[in-house]
*Asks:* 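Pasting a structure below so you can have a look.
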Amino acid sequence: MVMANTVVVLDFETTGLSPDEGDRAIEIGAVKLARGVVVDRFQALMNPGQRVSSFIEDYTGISNAMLEDAAPCAEVMHRFGDFIEGENLVAHNASFDKRFLDAELTRISRSYSGSFSCSLLAARRIFQQAPNHQLGTLVKYTRIPSTGDYHRALYDSEMTVKLWLVMLSKLRDQYGLSAIPFTFIQKLNKTPKKSVFQWLARQAKTS
DNA sequence: TGCCAGGCCCTCTTTAGGGCCTT
């Protein structure tokens, strides 16, 4: 059974963009929210059994030396599978993180019961005037305090949590929506961008 | 810094192409 009032916001660092092309996870970070309050965190480097490129070392600050000392992906993903058991999931550009979560869990013959919602798709609808919808830009745009330590899994998860809460708050304040269940954001994200404000106004009237 | 892929989304569209996001 999936918990109704909790959500896990997660972020992977990886060796590249595509698990279908042999790319692997190298770090997972996640924050568990219960009714908008952080109640737990998860962070672990994992050894993918292959060297990462200098681009990834520079991009993430995660070096091959750091990964040599890390637990194997299988061990970390077993622990992470326990952490997300029964929880709904959020990520910034969720299709990316979902592909790696599915690939890494499939490798250890595990699955999960929650479903994903995407903070990028929500932000494209809610903050249509933002310069772009990269995580860092949205954090700055919404004036969330930041130290700028992006491209590490837990930091990006923490920033995504803050953005997620700002978006929920904006929906509540601007549209008078008292309760915003997880499924509401999933419906929002399936609503065409062009008509999303009319859709929100209708939801406000009927809520 | 970019490329690799895949999903979303726009448009000079739908018999398609390209930009945006993620590492």
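Only a predicted model underlies this, so the values are computations on that prediction, with no experimental measurement involved. In what follows, chains are A, B, ... by sequence order, proteins preceding strands, each numbered from 1.
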*Asks:* Produce a footprint string for nucleotides 3-10 of chain B: one letter per nucleotide, 5' end first; B if the base is under 4.0 Å from any protein heavy atom, S if only the sugar-phosphate is, - if neither.
*Replies:* BBBB-SSS
*Asks:* Can you tell me if the side-chain N/O atoms of His133(A) get under 4.0 Å from OP1 or OP2 in dC21(B)?
*Replies:*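 Yes, within the criterion.
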*Asks:* If you take all heavy atoms of Val196(A) and Thr191(A), which pair is closest and at what distance?
*Replies:*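 For Val196(A) and Thr191(A), the tightest heavy-atom pair comes out as CA-CG2, 3.9 Å.
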*Asks:* Please state the P separation for the pair dC12(B) and dG19(B) - nearest whole angstrom.
*Replies:*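 To the nearest whole Å, 14 Å.
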*Asks:* Select base, sugar-phosphate, or nothing to describe what Thr15(A) touches, counting heavy atoms under 4.0 Å on all strands.
*Replies:*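 Touches nothing.
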*Asks:* Among side-chain atoms of Glu68(A) and Asn47(A), is any donor-acceptor pair under 3.5 angstrom?
*Replies:*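 Glu68(A) vs Asn47(A): no donor-acceptor pair found between side chains.
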*Asks:* Looking only at atom C1', what distance separates dG18(B) and dT13(B), rounded to whole Å?
*Replies:*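 The answer is 12 Å between these two C1' atoms.
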*Asks:* Could Arg152(A) and Glu27(A) be called an ion pair, given the rule that one side-chain N must be under 4.0 Å from one carboxylate O?
*Replies:*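 Yes, charged N to carboxylate O under 4.0 Å.
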*Asks:* Calculate the interatomic distance between Tyr150(A) atom OH and dT23(B) atom P; express it in whole Å.
*Replies:*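 Checked: the OH to P distance equals 12 Å.
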*Asks:* Just distance, no hydrogens or angles: give the donor-acceptor pairs under 3.5 Å from side chains in residues 167-178 of chain A, sequence neighbours left out.
*Replies:*
residue   : atom : partner   : partner atom : Å
Lys170(A) : NZ   : Gln174(A) : OE1          : 3.4

*Asks:* At their closest point, which heavy atom of Leu135(A) faces which heavy atom of Leu163(A), and how far apart are they?
*Replies:*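 Nearest heavy atoms, Leu135(A) then Leu163(A): CD1-CD2, 4.1 Å.
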*Asks:* Just checking, Lys32(A) and Phe42(A): is the charged tip under 6.0 Å from the six-membered ring centre and within 45° of the axis?
*Replies:*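 Checked: cation-pi criterion not met.
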*Asks:* OP1 or OP2 of dT23(B) sitting under 4.0 Å from any side-chain N/O of His151(A)?
*Replies:*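 His151(A) to dT23(B) OP1/OP2: side-chain N or O found under 4.0 Å.
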*Asks:* When the distance from CD of Glu13(A) to C1' of dC21(B) is rounded to whole Å, what number comes out?
*Replies:*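 Glu13(A) atom CD is separated from dC21(B) atom C1' by 14 Å.
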*Asks:* Using whole Å, what does the distance between atom P of nucleotide dT23(B) and atom CD of Glu104(A) come to?
*Replies:*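 Going from CD in Glu104(A) over to P in dT23(B) covers 16 Å.
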*Asks:* For DNA chain B, whose closest nucleotide is more 5', that of Phe12(A) or that of Asp58(A)?
*Replies:*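 Residue closer to the 5' terminus by nearest nucleotide: Asp58(A).
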*Asks:* For the pair made of CE in Met159(A) and P in dT22(B), what is the distance, rounded to whole Å?
*Replies:*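 Going from Met159(A) (CE) to dT22(B) (P), I get 14 Å.
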*Asks:* With no hydrogens and no angle check, do the side chains of His92(A) and Ser119(A) hold a donor and an acceptor under 3.5 Å apart?
*Replies:*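 Side-chain D/A pair, His92(A) to Ser119(A): present.
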*Asks:* Round to the nearest Å and state the distance from Asp102(A) atom CG to dT22(B) atom P.
*Replies:*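 That distance rounds to 19 Å.
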*Asks:* How far, in whole Å, is dC9(B) from dT14(B) if one measures between their C1' atoms?
*Replies:*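 These two C1' atoms come out 14 Å apart once rounded.
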*Asks:* Excluding sequence neighbours, so at least two apart, what forms side-chain contact (heavy atoms from CB on, under 4.5 Å) with Asn189(A)?
*Replies:*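 side-chain contact (heavy atoms from CB on, under 4.5 Å) check on Asn189(A) returns Ser117(A), Cys118(A), Leu121(A), Ala122(A), Arg125(A), Ile185(A).
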*Asks:* With rounding to the closest Å, how many angstrom separate the P atoms on dC20(B) and dT15(B)?
*Replies:*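 To the nearest whole Å, 26 Å.
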*Asks:* Counting any heavy atom closer than 4.0 Å, what does Asn132(A) reach on the DNA or RNA strands: base, sugar-phosphate only, or nothing?
*Replies:*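 Sugar-phosphate: the residue Asn132(A), judged by heavy atoms under 4.0 Å, touches backbone atoms but no base.
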*Asks:* In whole Å, I'd like the distance from the OH atom of Tyr59(A) to the P atom of dC21(B).
*Replies:*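 It works out to 12 Å between those atoms.
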*Asks:* Please state the P separation for the pair dC3(B) and dT22(B) - nearest whole angstrom.
*Replies:*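 Rounded to whole Å, the distance is 14 Å.
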*Asks:* Under 4.0 Å, heavy atoms only, any strand: does Asp11(A) hit a base, just the sugar-phosphate, or nothing?
*Replies:*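 Sugar-phosphate contact only - Asp11(A) comes under 4.0 Å of backbone atoms but never of a base.
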*Asks:* Using whole Å, report how far CZ of Phe116(A) lies from C1' of dT22(B).
*Replies:*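 Distance check: Phe116(A) CZ to dT22(B) C1' gives 12 Å.
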*Asks:* Starting at CZ of Phe100(A) and ending at C1' of dT23(B), how long is that distance when rounded to a whole Å?
*Replies:*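 It is 7 Å, rounded to the nearest whole Å.
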*Asks:* Rounding to the closest angstrom, what is the interatomic distance between dT23(B) and dC10(B) at atom P?
*Replies:*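 Here dT23(B) and dC10(B) have their P atoms 23 Å from each other.
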